[in-house]
Q: 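Handing you this structure, nothing more for now.
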Amino acid sequence: MLQALEEKIATRNLAPGQMVTRMAPSPTGFVHLGSIYMGLINTTLARQSGGVCMLRIEDTDQKRQLDDGIAQILTAFHTLHIHFGEGPVLEGAEKGDFGPYIQSHRKDIYQAYAKALIRDGKAYPCFCSSEELDKVRDEQTLKKERTGYYGKYARCRDLSDAEILQKLQAGASFVVRIRSNGSHENRMDVKDIIRGTRSVPQNDMDAIIIKASDGLPTYHFAHVIDDHLMGTTHVLRGDEWFPSLPLHMEMFYIMGWKAPKYAHLSPIQKMDGTAKRKLSKRKDPEANIEFFLEQGYPVNAILEYLLNLANSDFEDWRKKNPALPLADFALDLKKTSPSGALFDLDKLNSISRRIISEYSNTEAYDLALAWAERFSPAFYPRMANEASYIKAILNIERENVRRRKDITRWGTLQDDISYFFDDLFTAPDLATVTGKNPDVLKAVLSGFMGALEHATDRDAWWEATKAATDAAGFCSDTKAYKANPDAFHGSIADFMKIVRLALIGREDSPDVHEIMMVMGLEKVKTRLAKHM
RNA sequence: GUUCCCUUCGUCUAGAGGCCUAGGACACUACCCUUUCACGGUGGUGACACGGGUUCGAAUCCCGUAGGGAACGCCA
C-alpha cells in the first residue's frame, strides 16, 4: 500500500517552478480571518505558478471537532472566492488523486508508517501516562530545565523487547514516539522563504507521532506523511510552527524523504490595551470571517485588504491598474514582511469605499440585495420589491467621473438612504435645528418651492433657485457673501442646508437635484409643505 | 527556565552602505474646488527602539541592551 502511494507522487508531473501548496484548517469552529489570509496566499501562489492548491482537513483532534466544521470551511472559502484544486467538495465527496484529504480518513496510512518505523527501530512505543508526563514537566520547570521528552527523560526510549511485550500483554496503553538522533548542543541551518536561513539547535525531542487515545497521528506526523504523499512543494503556514521546523526536518530525514520548502507567515494581530496580540478566536468577533460579511464588506474589499497585508506594493499596483482583476496581481512571498501586522479597520473601510464606488449601478444593487437577503430580513423585502427605485437611488452620482465614495459597507446602506422612504423619514423641527427665524425659513422654502417649476431642466432650475436665494435675503454669490456676510441671512450654502433639512432631514447629502428627480416632485413638495 | 522570531511615521510598509534633509498608502490636518457632505487637487504634522562598534560614509553590516511575540501538549 505504502509503496503504491509513494509511487503515485510522480504522477503530479510538475514542471520546474510549479508549486503545490495546501491549506490545512481544523474544523473546530468558525473560519478565522487568518485562515482566509492563508488560503488566499496558498491558492494565489499555486495558481500563478501553474500548480495546484489542496484543501486538507486536519481533524486529528477528535475532541475538538464540530459536526458542521467541514461544511463551514467549504462555505466560507467558497463565499470568499477562494477555490481549491483538490480536497473535499461536499460531505463525503472529494476531488483530486492524492486523497483522502481528510486526515481522519488516513488513519491506516499513518499507522502503517508508524509500524514500519517501529520495526526499523526509528520509533518506539511509550507507556508513560499523561499524569507521569505532567509530573516530569513540573520537575523540569522547578529545576529550570527544558521541558520535554528528551535525553534521560525519555524513559521508554530504551525499553527492551521483553519489557515492551510484558506491558503490552498487561494491556498498557501506549503512544508511538519518534526516536530523535539530534542533540541540543549541535546547531543546524533551517531555511524559510520569508526569513532566510537561520541557525537553530537540532531537535532532540522524541515527539509523539501516534496518539494512544484514538490512534490518530499528531500534527507533526500527519504533516510529514501527508505533505510527502500529496506532493506538496511549499508549506506556507503560521509562524507558530517555526520552532517545530527542526523536528519536522528531522522527521523528513528519518523517513528518507525530501522536505518541502517552508514559509512561515506572521499572524494578523490587534491591539489589546497597550499590547499587540494575535486576533483571537475566542475574544475577537472580527476574527470571524462572517463578521465582515455580516457588516456588508464586499468580498473583494476583504481580499484586497488581505493582499495588501501580504504584499504592501499591492496598492501601487492597484493604482496603476485600477480595472484589472485581483487575480492579475503577482503575489511574491519575498515581499511579505516577517513581522506581524496589526489589523486596521480604517484601511479596510477605505478600500471598501473605493470598491463599492467602482461598481456599476446593477452590480451595486445585486450585491446589496444579496447582502440584505442574508443578513437583513427587515431591509430585504424593500430591496426586492422596490428594485427600480433603489437602483435609481444607488445610481445617484455613481456614474460620474468623480464617483461618490460615501457607502462603506452594505450594513449601513438602509440608514444611508432611509430618507427616500416616508416610513423611515422623520421631519425635523427646522426652527430648532437651524436656529433661524420662522419667517426666514418660510421665505427659503417657498422660494425654493417656486423654483421647482423649472425642475425638469437642471440649469434653469438652478438659476431660479439662485434667484430665490437672493429674494429670501441670502446670497447666491459666495464671493460677495464672504466679502460682506453681515448683509445677508447666509450664503447659498446656508440656504441649501435649510432645504436639505426640510427635504431629507440632514444637512449633508448627494446632489439635491438628483435626489429630487429620484424621489419625485410629489414627495418633494409634500415634504416642503409640512414646514410651511 | 531553554530556544527561536520580530522592531522605520498612530497603522501597513518602501528601503539590500552613498540615490534618504527616509518615499508611498490609510488615518489626522490646512487650503483649493464646491449648493452641503463625500470625491478630487495641493500642502502639512509624523518614524529608522537604545547603546557601542566597522566604514571616508550606516535605517541598511557586527556586537550588546531593551521591548514585543512564539514554541517547549496524547491542540493544531
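Each chain gets a letter, A, B and so on, in the order its sequence line appears, and its residues count up from 1. When reading the values below, keep in mind they use all heavy atoms of this one structure, side chains included, and skip hydrogens, waters and symmetry mates.
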Q: With respect to the side chain of A212(A), which nucleotide from G1(B), C74(B), G24(B) is positioned closest?
A: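 Out of G1(B), C74(B), G24(B), the nucleotide with an atom closest to A212(A)'s side chain is C74(B).
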Q: Name the nucleic acid region contacted by R277(A), choosing base, sugar-phosphate or nothing; use a 4.0 angstrom heavy-atom cut-off, strictly under.
A: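 Contact class for R277(A): none.
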Q: Counting the atoms with a prime plus P, OP1 and OP2 as sugar-phosphate, which does K319(A) contact under 4.0 Å by heavy atoms, base, sugar-phosphate, or nothing?
A: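 Counting heavy atoms under 4.0 Å across all strands, the contact made by K319(A) is with sugar-phosphate only.
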Q: Indicate, with a heavy-atom threshold strictly under 4.0 Å, whether R506(A) touches base, sugar-phosphate, or nothing.
A: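 Answer is nothing: R506(A) stays at 4.0 Å or more from every strand.
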Q: Which comes earlier along RNA chain B counting from the 5' end, the contact point of H184(A) or that of M205(A), where each point is its nearest nucleotide?
A: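 Residue closer to the 5' terminus by nearest nucleotide: H184(A).
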Q: Return the nucleotide paired to G73(B): Watson-Crick means purine N1 to pyrimidine N3 with N6-O4 or O6-N4, wobble means G-U with N1-O2 and O6-N3, both under 3.5 Å.
A: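 Across any shown strand, G73(B) pairs with none.
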Q: Could you walk me through whether E145(A) and Y153(A) pass side chain to side chain donor-acceptor pair (under 3.5 Å), step by step?
A: CA-CA 11 Å; E145(A) 291 183 41; Y153(A) 296 109; 2.8 Å; yes
Q: Is there a side-chain contact between I118(A) and V176(A) in this structure, where contact means two heavy atoms from C-beta onward sitting under 4.5 Å apart?
A: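 Side chain of I118(A) against side chain of V176(A), heavy atoms only: contact under 4.5 Å found.
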Q: Of the nucleotides A71(B), U3(B), C74(B), which one has an atom closest to the side chain of P201(A)?
A: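 So the nucleotide nearest the side chain must be U3(B).
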Q: When you compare U11(B) with G46(B), how far apart are their C1' atoms, in angstrom units rounded to a whole number?
A: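 Straight-line distance between the two C1' atoms is 12 Å.
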Q: Between protein and nucleotides 28-44 of chain B, map the contacts as a letter string: B base, S sugar-phosphate only, - none, heavy atoms under 4.0 Å, written 5' to 3'.
A: -------BBBBBS----
Q: Report, one pair per line, the protein and nucleotides 10-15 of chain B atoms (nitrogen or oxygen only) whose separation is under 3.5 Å.
A:
{"from": "C12(B)", "atom 1": "OP1", "to": "L342(A)", "atom 2": "N", "distance (Å)": "3.2"}
{"from": "U13(B)", "atom 1": "O3'", "to": "S312(A)", "atom 2": "OG", "distance (Å)": "3.4"}
{"from": "U13(B)", "atom 1": "O2'", "to": "S312(A)", "atom 2": "OG", "distance (Å)": "2.3"}

